[in-house]
Each structure stands twice: as C-alpha cells, then as structure tokens.
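See below for the structure under consideration.
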2 protein chains.
Amino acid sequence: MGGSEIRRNMPLFSIGIVMQLTDLSARQIRYYEEHELISPARTEGNKRLFSLNDIDKLLEIKDLIDQGVNMAGIKKIFNVKQESVISAEEKKQAEKTRRELSDSELRKLLRKELLQAGRFNRSTDRGDMSRFFH
Amino acid sequence: MGGSEIRRNMPLFSIGIVMQLTDLSARQIRYYEEHELISPARTEGNKRLFSLNDIDKLLEIKDLIDQGVNMAGIKKIFNVKQESVISAEEKKQAEKTRRELSDSELRKLLRKELLQAGRFNRSTDRGDMSRFFH
DNA sequence: TTTTCATGTGAGATAATCTAACATATGTTT
DNA sequence: AAACATATGTTAGATTATCTCACATGAAAA
C-alpha cells in the first residue's frame with residue numbers, strides 16, 4: 001500500500017463542507033455515523049473531521065439509499081466489500097509465500113518494493129471523490 | 001484548461017486545518033491575506049475557506065520567507081509567475097491561430113478535446129500539496 | 001393500526017474563528 | 001543611539017459553526 005492510503009484517510013473536512021460536497025444534511029451524516037457506516041475523526045473540541053474516504057463512503061451511501069437499501073443492507077454491503085479486500089490481500093500473501101523464493105529472489109523483490117514505495121497507487125474501486133481531485 | 005483548475009480552486013479547508021497542513025499560525029495566514037498574497041473565500045458567516053491552490057501558495061510563501069524574502073518581494077515573485085503563465089497562454093493561443101486550421105482539422109481537434117474533457121491534467125508548476133493527494 | 005425507519009427541527013452548550021488592538025523582537029533609517 | 005518598520009505573538013469580546021439531545025413527522029413495514 002502506498003502513502004496515498006494515508007492521504008485519503010487524513011481528516012480534513014468540516015461537516016459543513018461535506019454537506020455541500022455530498023448534498024446530505026447534517027442530520028443524515030450524523031445518523032449514518034450513529035449506525036457505524038462512517039467513523040469520522042474528531043478535533044480536540046469534538047468537532048467531526050472527515051477524510052476523502054469518508055466522503056466517498058457517504059456518496060456510496062447516498063447512491064444505495066436512492067436505490068432503496070436500508071442501513072442494515074448498506075452495512076452488510078460495506079462488510080462484504082471489506083472482506084473481499086481482505087481476502088484479496090490474503091490471496092496475494094498466500095501466492096507470495098507459496099512460491100518459496102530463493103534468497104536472491106527475495107532480496108531482489110524487496111529492493112524493488114522499496115524503490116516503488118513512494119509511488120502513487122490507487123485502490124481499485126474508488127468512490128466519486130475523484131471528481132474533486134486529480 | 002481542464003476541470004482540475006476548478007477543483008484546485010474549490011474552497012474546502014478551514015483555517016485550523018490549513019494551520020496544521022502548512023505549520024503556519026493563524027496570525028501569519030491572516031497577515032499574508034492582508035498583504036494580498038492569498039485571497040481565501042469566505043463562508044456566509046465570514047469564516048475563511050481555503051482551496052488547494054491557497055495552500056500551495058502558503059507553502060511557497062513559507063519557503064520564500066525562510067529564504068529571507070519579505071512581503072513585497074513575495075508579491076513581486078507571484079506577479080512575475082502569473083505573468084509568465086499568462087504569456088505562456090498567449091503563446092499557445094498565438095501558435096494555435098497561426099496554424100490556420102482547415103475546417104476538418106478543426107472539427108477533429110474539437111472532438112478530441114471533448115473526448116478528453118474528463119481526464120485529469122495538471123498545471124506544470126504545482127506547489128507541494130501534491131503530497132496530500134494522488 | 002401500531003411500530004419502525006429515516007429525517008426534520010429546535011434548544012442550549014461549546015468550539016472555532018473573526019476583527020481589532022496592543023506587545024515585542026529583529027532589522028533598518030536617520 | 002533613537003526612531004521606525006516589519007513580521008509575529010497575544011488577548012479580549014463578538015459571532016458562527018457545530019455538538020448532543022429531545023421531540024416531531026411522513027412513509028413503509030408489521
């Protein structure tokens with residue numbers, strides 16, 4: 001995972017901005033948090049701070065609600081997605097260890113990964129916030 | 001110019017977040033505004049709202065101040081930069097009209113531009129906010 | 001028809017930000 | 001040296017944005 005993961009999880013946006021960006025009411029956003037669909041960070045003074053990922057999720061929630069899905073359904077869908085990501089990770093991991101690398105192969109790989117550490121790579125299924133940034 | 005120009009000028013960030021992101025004090029940020037180095041937007045209730053471009057500029061200001069440049073100098077530098085951008089635009093424009101396109105060439109170009117309208121293209125000299133987004 | 005769900009709305013509290021004024025350290029003129 | 005200018009800190013008092021909690025409501029489900 002590249003450093004972009006960090007950036008997309010950085011708490012940056014006040015609820016007012018998120019309302020504009022998502023066209024959701026404060027009530028709705030707080031309600032979705034109450035149902036644990038999002039978990040925005042908080043300032044020292046308890047104000048919510050949302051990340052790009054939070055906003056993506058809110059846009060997904062909005063879509064699903066428009067399609068008639070309720071809280072429970074959305075939560076399930078998010079969990080399934082999350083699991084599929086995890087299992088993808090596991091597969092990758094399993095595949096990796098299965099290959100029984102020689103020491104030299106291993107060193108080569110390691111070096112390659114280090115060299116690519118700074119590069120930007122995106123998770124495959126992004127939300128719609130890509131509209132707002134390049 | 002692509003739609004990314006709009007995105008980079010979208011007022012999104014409160015002064016608190018900008019303080020964290022730039023490591024400048026509120027006093028400093030307001031002082032730079034007073035000297036017209038930045039012009040953040042305002043909410044209905046008069047709170048400042050900063051764009052990605054504003055933040056890039058603040059990081060540039062910080063650099064220049066570290067290098068001993070004063071307000072007047074920074075303002076000059078910004079103006080020169082702005083002019084160079086404008087003249088680049090003019091050059092591009094001049095080059096374009098000079099070519100005296102045929103109608104068919106023109107239609108082809110237009111279609112191409114329309115197809116690429118949604119793509120992400122960056123301005124050449126970005127600030128440092130690229131660290132925060134992909 | 002009750003209940004439940006998703007949202008609206010209002011009250012009262014508090015955090016974040018605003019402007020304006022004065023303080024201060026460092027560097028510049030006279 | 002004394003006076004001034006520049007960039008920033010700090011404080012005070014006012015106002016906005018957000019918070020939680022409670023109650024209201026329309027639509028859908030039971």
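Note on naming: letters A, B, ... go to the chains in the order of the sequence lines (proteins, then strands), and numbering restarts at 1 for each one. Since the structure is predicted, the reported quantities are computational estimates derived from the model, not experimental observations.
- Counting heavy atoms from C-beta outward, A:Leu21 and B:Leu12 have side chains that approach closer than 4.5 Å.
- Residues B:Ile29 and B:Met19 have side chains in contact (heavy-atom distance under 4.5 Å, counting atoms from C-beta outward).
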Quiz item: Hey, mind stepping through A:Asn9 and A:Leu52 against side-chain contact (heavy atoms from CB on, under 4.5 Å) and telling me if it holds?
Solution: CA-CA 6 Å; A:Asn9 280 322; A:Leu52 288 172; over 6 Å; no
Listing, residues 44-51 of chain B side-chain donor-acceptor contacts under 3.5 Å, not counting sequence neighbours, or none:
from: B:Asn46; atom 1: OD1; to: B:Arg42; atom 2: NH1; distance (Å): 3.2
from: B:Arg48; atom 1: NH1; to: B:Glu33; atom 2: OE1; distance (Å): 2.1
from: B:Ser51; atom 1: OG; to: B:Arg8; atom 2: O; distance (Å): 3.4
from: B:Ser51; atom 1: OG; to: B:Asn53; atom 2: N; distance (Å): 3.3
from: B:Ser51; atom 1: OG; to: B:Asp54; atom 2: N; distance (Å): 3.1
from: B:Ser51; atom 1: OG; to: B:Asp54; atom 2: OD2; distance (Å): 3.2

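- Residues passing the side-chain hydrogen bond (donor to acceptor under 3.5 Å, both in side chains) test with B:Ser39, sequence neighbours excluded: none.
- Contact of the A:Lys81 side chain with the A:Glu60 side chain is registered, since non-hydrogen atoms from C-beta on lie closer than 4.5 Å.
- In this structure a side-chain-to-backbone donor-acceptor pair under 3.5 Å is missing from B:Gln20 to B:Ile17.
- For the segment residues 69-77 of chain A, no residue has any heavy atom less than 4.0 angstrom from an atom of DNA chain D.
- Of all heavy-atom pairs between B:Ile38 and B:Lys57, the closest is CG2-CB, 4.0 Å.
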Exercise. Give the B/S/- string for nucleotides 17-30 of chain D, one per nucleotide from 5' to 3', where a protein heavy atom under 4.0 Å of the base yields B, of only the sugar-phosphate yields S, and otherwise -.
Key: SBBB----------
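- If you walk DNA chain C from 5' to 3' and mark each nucleotide with an atom closer than 4.0 Å to a heavy atom of chain A, the marks span C:dC5 to C:dA16.
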Return all side-chain donor-acceptor pairs below 3.5 angstrom for residues 70-80 of chain A, not counting sequence neighbours, or 'none' if the list is empty.
from: A:Asn70; atom 1: OD1; to: A:Ala72; atom 2: N; distance (Å): 3.4
from: A:Asn70; atom 1: OD1; to: A:Gly73; atom 2: N; distance (Å): 2.9
from: A:Lys75; atom 1: NZ; to: A:His35; atom 2: O; distance (Å): 3.4

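- By the 4.5 Å heavy-atom criterion applied to side chains, B:Tyr31 and B:Leu24 are not counted as neighbours.
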